[in-house]
Amino acid sequence: MQFYNLKHPDEKVSFSQAVRQGLGKEQGLFFPESVSALDDIEGLLSLPLVERSCKILAPFVGEELSESELKDIVTKAFNFPALVQPISENCAVLELFHGPTLAFKDFGGRFMAQCLQAFTRQSNEKITILTATSGDTGAAVAHAFSGLEKINVVILYPKGKISLLQEKMFTTLGGNISTLAVNGSFDDCQQLVKDSFDDHQLSTSIGLNSANSINISRLLAQICYYFEAAAQLYRQRGKIDDLVFSIPSGNFGNLTAGMLAKALGLPIKRFIAATNANDTVPRYLQSGKWEPNPTVATMSNAMDVSRPNNWPRVEHLVNSGLISPESLSAQTIDEEQTQMTLIKLSGLGYISEPHASVAYRALQQDLDDGEFGVFLGTAHPAKFKETVESVLGQPLALPKELADCASEKILSLPLDDDFSQLRTLLMGKYASPLMNEAAS
Ligand SMILES: *Cc1c(COP(=O)(O)O)cnc(C)c1O
């Protein structure tokens, strides 16, 4: 299938180009040329995760990856489960944190890494992945690409604005993974990434590629766990047409993937976009005005984003009629509500973390009678150990993945919020000598 640039619909690229390029002209996002309902949803739901996911993904990637290549990629990428756990009579959590870095971004990150490895295996080109993270993307990307050949990874993150454990999960690997601690906010980091893509000379010299949630491969991968949740709930309940997904949102990649799942025929009733105080989208849905405020730091720091970069795709899904406007609402949850809800969940016997807590609280405010709520558990509570322990007043054990890296040394270099400094560093480290000469 072809993918087109939402800003320049004439620019059409193949799946492999869309994955390698990340963004189109003028930083336009790629979108699949056709999104049509899949046949036999019930049959799909009866399949195991990997087989079902191959069937969902094949129409998007099928021309460039053989059936067996796709199966190999999906098998390696989705080598851990997505689990639905009951919370109450009309509510369940979809736990997406059973992968190697304990967050849902493992699904997209690992699928993207495996796709890129398949595409670069034959060619002699080198790729530099440049991505910004407010926490979990960094870990997922770093682990997904660690040790792959001909692919270097550079991760920017806001210094001092993520937890120490989060930082340790992606800054201690070394090898082909470099990390830069930026003196600025996450939005500043995103801007540095955008500036790099805008710099044609830099981008071609180092084979620039983005691995954050703007990459279409990550979104396609994320569609698969909405089907997995529906499959589990269908088995348990015998129906799914009353499902309301509450999605803790930062860059709105997760919501985009859910909407794509619905557009592909999964009978999800509707979505609630749950944000923290970085509430650009809830205010926009109320007022029709897009007025981002400066980003504020919250407990759910992976959602501290005031200019969500996937929003144009959400808008396109609605404006093009793929998703009806009534199937999206939004809620803003403040810090106190987030804490109270963590305590409430703990009272129900479920230890959660701030992002899922925001989503659960939004369900409580917005779920109607006759609906069944599913909130996304986007990270393992131990990734937010300090916060969860201080709110609940009880110690949390570290799972093995975190215990292993907690004792390792952080290998990051400091960087000012200054594009020319980043450019010099990238050109020096990754540009091939030939390209350097030609460019100077
Ligand atoms: C990235 C992240 C989010 C936000 O997801 P988006 O797709 O950017 O909206 C929510 N929770 C956690 C734990 C995350 O890491």
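Start at 1 and go down the list; that is how both ligands and their atoms are numbered. Computed from heavy atoms alone, side chains included, the values below leave out hydrogens, waters and symmetry copies. These numbers were taken from a predicted model, which means no experiment stands behind them.
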Peer 1: Which ligand 1 atoms, with their elements, are less than 4.0 angstrom from a heavy-atom of Lys105?
Peer 2: 1 (C), 2 (C), 3 (C), 14 (C), 15 (O)
Peer 1: Do Thr275 and Ser249 get their side chains close enough for a donor-acceptor pair, meaning under 3.5 Å?
Peer 2: no
Peer 1: With respect to Gln222, determine whether any N or O atom, backbone or side chain, lies less than 3.5 Å from an N or O atom of ligand 1.
Peer 2: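 Between Gln222 and ligand 1, no N or O pair is found under 3.5 Å apart.
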Peer 1: Is a donor on one side and an acceptor on the other found under 3.5 Å between the side chain of Glu335 and the backbone of Thr298?
Peer 2: no
Peer 1: Compute the minimum heavy-atom distance from Phe104 to ligand 1 and say whether it is under 4.0 Å.
Peer 2: yes
Peer 1: Hey, are Asn251 and Gln190 close enough side-chain-wise for a donor-acceptor pair under 3.5 Å?
Peer 2: yes
Peer 1: Determine whether the aromatic ring centres of residues Phe107 and Phe80 are separated by less than 6.0 angstrom.
Peer 2: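 Yes: the rings meet the under 6.0 Å criterion.
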Peer 1: Should the proximity of Lys383 to ligand 1, defined as any heavy atom under 4.0 Å, be assigned to the side chain, the backbone, both, or neither?
Peer 2: neither
Peer 1: For Ala302, is at least one N or O under 3.5 Å away from an N or O on ligand 1?
Peer 2: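 Min N/O separation from ligand 1 is not below 3.5 Å for Ala302.
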Peer 1: Would you mind listing which atoms of ligand 1 come within a distance below 4.0 Å of any non-hydrogen atom of His355?
Peer 2: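 In order of numbering, the contacting atoms are 11 (N), 12 (C), 13 (C).
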Peer 1: Between His380 and Phe97, what is the ring plane arrangement, given parallel below 30°, perpendicular above 60°, and tilted in between?
Peer 2: perpendicular
Peer 1: Heavy-atom distance to atom 4 (C) of ligand 1: which of Ala257, Ser300, Gly250, Ala273 wins?
Peer 2: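 That would be Gly250.
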Peer 1: Considering only heavy atoms of Met303, which atoms of ligand 1 have at least one such atom less than 4.0 Å away?
Peer 2: 10 (C)
Peer 1: Using a plain distance cutoff, I'd like to know if Ala103 has any nitrogen or oxygen under 3.5 Å from a nitrogen or oxygen of ligand 1.
Peer 2: no
Peer 1: Considering only heavy atoms of Ser249, which atoms of ligand 1 have at least one such atom less than 4.0 Å away?
Peer 2: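 Every atom of ligand 1 under 4.0 Å from some heavy atom of Ser249: 9 (O).
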Peer 1: Under 3.5 Å between some N or O of ligand 1 and some N or O of Thr378?
Peer 2: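 Between Thr378 and ligand 1 (N or O atoms, distance only) the closest approach is under 3.5 Å.
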Peer 1: Quick check against the 3.5 Å criterion: does Asn215 have a side-chain atom that pairs as donor or acceptor with the backbone of Val19?
Peer 2: yes
Peer 1: Would Arg110 and Gln114 count as a side chain to side chain donor-acceptor pair (under 3.5 Å) here? Give the steps.
Peer 2: CA-CA 6 Å; Arg110 293 172 67 79; Gln114 292 300 327; over 6 Å; no
Peer 1: Short list, please: which atoms of ligand 1 are under 4.0 Å from a heavy atom of Ala379?
Peer 2: 13 (C)
Peer 1: Between Gly253 and ligand 1, is there a nitrogen or oxygen pair with a distance under 3.5 Å?
Peer 2: yes
Peer 1: Against the six-membered ring of Phe111, is Arg218 placed for a cation-pi contact (under 6.0 Å from the centre, within 45° of the normal)?
Peer 2: no
Peer 1: With only distance considered, is Asn251 within less than 3.5 Å of ligand 1 through an N or O on each side?
Peer 2: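 Yes - when backbone and side-chain N and O of Asn251 are compared with those of ligand 1, one distance drops under 3.5 Å.
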Peer 1: Relative to each other, are the rings of Phe15 and Phe3 parallel, tilted or perpendicular (30° and 60° limits)?
Peer 2: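 Rings of Phe15 and Phe3: tilted, as their planes differ by 30° to 60°.
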Peer 1: Below 3.5 angstrom, do we get any N/O pair linking Glu353 and ligand 1?
Peer 2: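 No, no N or O pair falls under 3.5 Å.
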Peer 1: Is the closest side-chain donor-acceptor distance between Thr179 and Thr171 under 3.5 Å?
Peer 2: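 The answer is no; no qualifying pair exists.
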Peer 1: Of all the atoms in ligand 1, which lie at a distance below 4.0 Å from a heavy atom belonging to Asn254?
Peer 2: 7 (O)
